[in-house]
Amino acid sequence: MKTCNILYQDTATSSYDSVDIEVSGNSGTDYHVISQLYPSNNAAGTLRFSYLTIDLSGLTLLRIRNASSTDNFTNVKCSVYGAA
């Protein structure tokens, strides 16, 4: 895919840490952070959510990684939707 939309949510509502968006152009030998998501709490305070649109031209893999050194995120849901 060329362009993708990343939708992320978790239930770690007391955390203000981010998740890294990492990509690889060589089938996973090397990964590079190209962006970060900073989820915000929803109005009810029951989950955090965030989204991002990025260009993936020439990249073969994408992964989402916990960037926090102290928090473990719970009930994580992340989806990637793309277009050619």
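Positions are given from 1, in the same order as the sequence printed here. Quick caveat: nothing in here was measured; it's all calculated off a predicted structure.
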Original post:
How many angstroms lie between OG in Ser18 and CG in Leu37, if you round to the nearest 0.5 Å?
Top reply: 8.0 Å
**OP:** Could you tell me the separation between the CG atom of Asp20 and the CD1 atom of Ile64, rounded to the nearest 0.5 Å?
**Re:** 9.0 Å
**OP:** Look up atom CD in Gln9 and atom NZ in Lys77, then write down how far apart they are to the nearest 0.5 Å.
**Re:** 5.0 Å
Original post:
How far does OH of Tyr8 sit from CG of Leu47, to the nearest 0.5 angstrom?
Top reply: 10.5 Å
**OP:** Using the test salt bridge (charged side-chain N to carboxylate O under 4.0 Å, His left out), find all partners of Asp10 that sit at least two apart in sequence or belong to another chain.
**Re:** Arg48
**OP:** List the atom of Leu61, the atom of Ser27, and the distance in Å for their closest heavy-atom pair.
**Re:** CD1-C, 3.5 Å
Subject >> Closest approach of Tyr81 to Met1 (non-hydrogen atoms, all atoms of both residues) >> reply: C-SD, 4.3 Å
Subject >> Test item: Asn66 and Asp71 side chains (from C-beta on) under 4.5 Å apart, heavy atoms >> reply: no
**OP:** Give, for atom NE2 of His32 and atom CG of Asn26, the distance between the pair rounded to the nearest 0.5 Å.
**Re:** 6.5 Å
Which donor-acceptor pairs under 3.5 Å do side chains of residues 49-58 form with protein atoms, sequence neighbours excluded?
from: Thr53; atom 1: OG1; to: Asn5; atom 2: OD1; distance (Å): 2.5
from: Asp55; atom 1: OD1; to: Ser57; atom 2: N; distance (Å): 3.0
from: Asp55; atom 1: OD1; to: Ser57; atom 2: OG; distance (Å): 2.7

Original post:
Would a distance-only check, ignoring hydrogens and angles, find a side-chain to backbone donor-acceptor pair under 3.5 Å from Asn42 to Thr46?
Top reply: yes
Original post:
Rounded to the nearest 0.5 Å, what separation is found between the CD1 atom of Ile21 and the CD1 atom of Ile34?
Top reply: 7.5 Å
Original post:
Which atom pair, heavy atoms only, marks the closest approach of Val80 to Ile6?
Top reply: CG2-CG1, 4.2 Å
